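Reminder, nothing fancy here: chain letters follow the sequence lines and each chain counts from 1. Here the structure is a predicted model, which means the values were calculated and not measured.
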Protein chains: 2
Amino acid sequence: MSLPHAILTALLEKPSSGLELTRRFDKSIGYFWSATHQQIYRELGKLEQAGQIRALPAAQPTRGQKKEYEVLPAGRAELAAWVARPEDPRPVRDPLLLRLRAAGVVGGTGLREELERHLALHRRQLEQYREIEERDFAPERTVTEQDALRHMVLRGGIELESFWTKWLTETLAALPATP
Amino acid sequence: MSLPHAILTALLEKPSSGLELTRRFDKSIGYFWSATHQQIYRELGKLEQAGQIRALPAAQPTRGQKKEYEVLPAGRAELAAWVARPEDPRPVRDPLLLRLRAAGVVGGTGLREELERHLALHRRQLEQYREIEERDFAPERTVTEQDALRHMVLRGGIELESFWTKWLTETLAALPATP
DNA sequence: TTAAGCATGTAATGAGTTACATGATTAG
DNA sequence: CTAATCATGTAACTCATTACATGCTTAA
């Protein structure tokens, strides 16, 4: 769906090997798109076949040897076309909300602990995003339009985590003592 | 992953046929879990085979004839076990955030219109949730624990839509005039 | 009696996850 | 020279989406 476009974006920001991409998807890219290394290698193969990216000539293809990719004009064109294409927001599909609703009909033993665990996870994530924001997006350092866009994407991550911590806090407060 | 549990929850709240379930997934259930009718029929078949649900004896199985399902004890047990099982939050995978980041490298023609379109969609959804909240969860009407849980799930939907409208508004404000 | 739409389903494809396999490089 | 780890990949499976097929019911 959008994995190839995530990879094209990442490679345009900086040509990389499969493993480097994996690392970047675990870190900065991960706050708007996640992917495993298996997905990434598979997709790199497809994109190369489609003529949208190519391996840099330097290191050549034996297994186990690093292979750097860069985006070709066709890849850039495809990405630009995708950015311009309207696409509706995905319907929600959240297991935790579902579990809460299920707890309403079968009882929620241990649910409080689980909510607290999630709260801790989201708080930690929020902290990390805030650190990135302070480090990389101080007011005087955000100059180009690209900076502004990347900042707004990070704001998305921050506000999404804020939503979760807020909702989890309220829900814990509304939950009866030890259900 | 959680589709069978969504169906079990829905059927416990009210025994239904495949089409009725589809309707319910389009409406109230949709704010925490979405599913198409094809998914639902396939999963109903699996759940019946696994002995977790059964078709009510009344109407019998010819194609095109309504078939009502109810949950069996094994199904209720499976759902209770799933509710108690810890499960980490899913990593984020949002196409709109990705598109914004991509716009940073290939330019974002028409992006403003798309953001405004999404903003309108999320605002409308938020309105609908607020109406449901006023109608079904007035303070004096929320009495049982199940009511409280269902209300918190709806609050999740409301706050999630609030997040989107807030973030989209901020992003539109931060976006240069006509990129 | 035929067309509309209600209701259930199949098939094909694509996207994502889990488990495993294999070669290259480097530190001890 | 061998174990750890870096790096790239395959295979099998599950879940989701899209398109299509089939039978029943009812109202013009």
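As a whole-Å value, the separation of A:R90 CZ from C:dA15 P is 10 Å. In this structure, the CG atom of B:D88 is 16 Å from the C1' atom of C:dT18, given to the nearest Å. Distance, A:H37 NE2 to D:dG9 P: 10 Å, rounded to whole Å. As a whole-Å value, the separation of B:E43 CD from C:dT8 C1' is 16 Å. When the P atom of C:dT13 is taken as reference, atom CG of A:L3 falls 21 Å away, rounded to whole Å. Look at CE on A:M1: it is 17 Å from P on C:dT13, rounded to the nearest Å. Between the CG atom of A:L21 and the C1' atom of D:dA7 there is a distance of 13 Å, given to the nearest Å. Here the C1' atom of nucleotide D:dT17 and the OH atom of B:Y41 are 17 Å apart, to the nearest Å.
In summary, B:E161 and B:R130 do not engage in a salt bridge, as defined by a charged side-chain N under 4.0 Å from a carboxylate O. Note on B:R117 versus B:E113: no salt bridge recorded, every NZ/NE/NH1/NH2 to OD/OE distance being 4.0 Å or above.
Comparing C:dG9, D:dT8, D:dT18 by their nearest atom to the side chain of B:Y69 picks out C:dG9. The listed nucleotides are C:dG16, D:dT17, D:dT10; the one nearest the side chain of B:R93 is C:dG16. Nearest nucleotide to the A:K46 side chain, out of C:dA15, D:dT18, C:dT17: C:dA15. Side-chain atoms of A:Q38 lie closest to D:dT10 of the nucleotides D:dT10, D:dA16, D:dC20. Comparing C:dA7, D:dC6, D:dA16 against the side chain of A:L19 picks out D:dC6 as the nearest. Minimum atom distance to the side chain of A:T36 is reached by C:dT17, of the listed C:dT17, C:dG16, C:dA19.
Of the side-chain N and O atoms in B:Q39, one or more sit less than 4.0 angstrom from OP1 or OP2 of D:dT17.
Ring geometry for A:H122 against A:W164 counts as parallel: the plane angle stays under 30°, on a 0 to 90° scale with 60° as the upper cut.
The main-chain N or O of A:T169 is never found under 3.5 Å from a side-chain atom of A:T171 such that the two would form a donor-acceptor pair.
Contact annotation: side chain of B:R42 to base of D:dT17, donor-acceptor pair present below 3.5 Å.
Looking at heavy-atom distances under 4.0 Å, B:T22 makes no contact with the nucleic acid at all.
Nearest-nucleotide mapping onto DNA chain C: of B:L44 and A:A35, the residue sitting toward the 5' end is B:L44.
Nearest approach of A:R112 to A:L175, heavy atoms of both residues: NH2-O, 3.1 Å.
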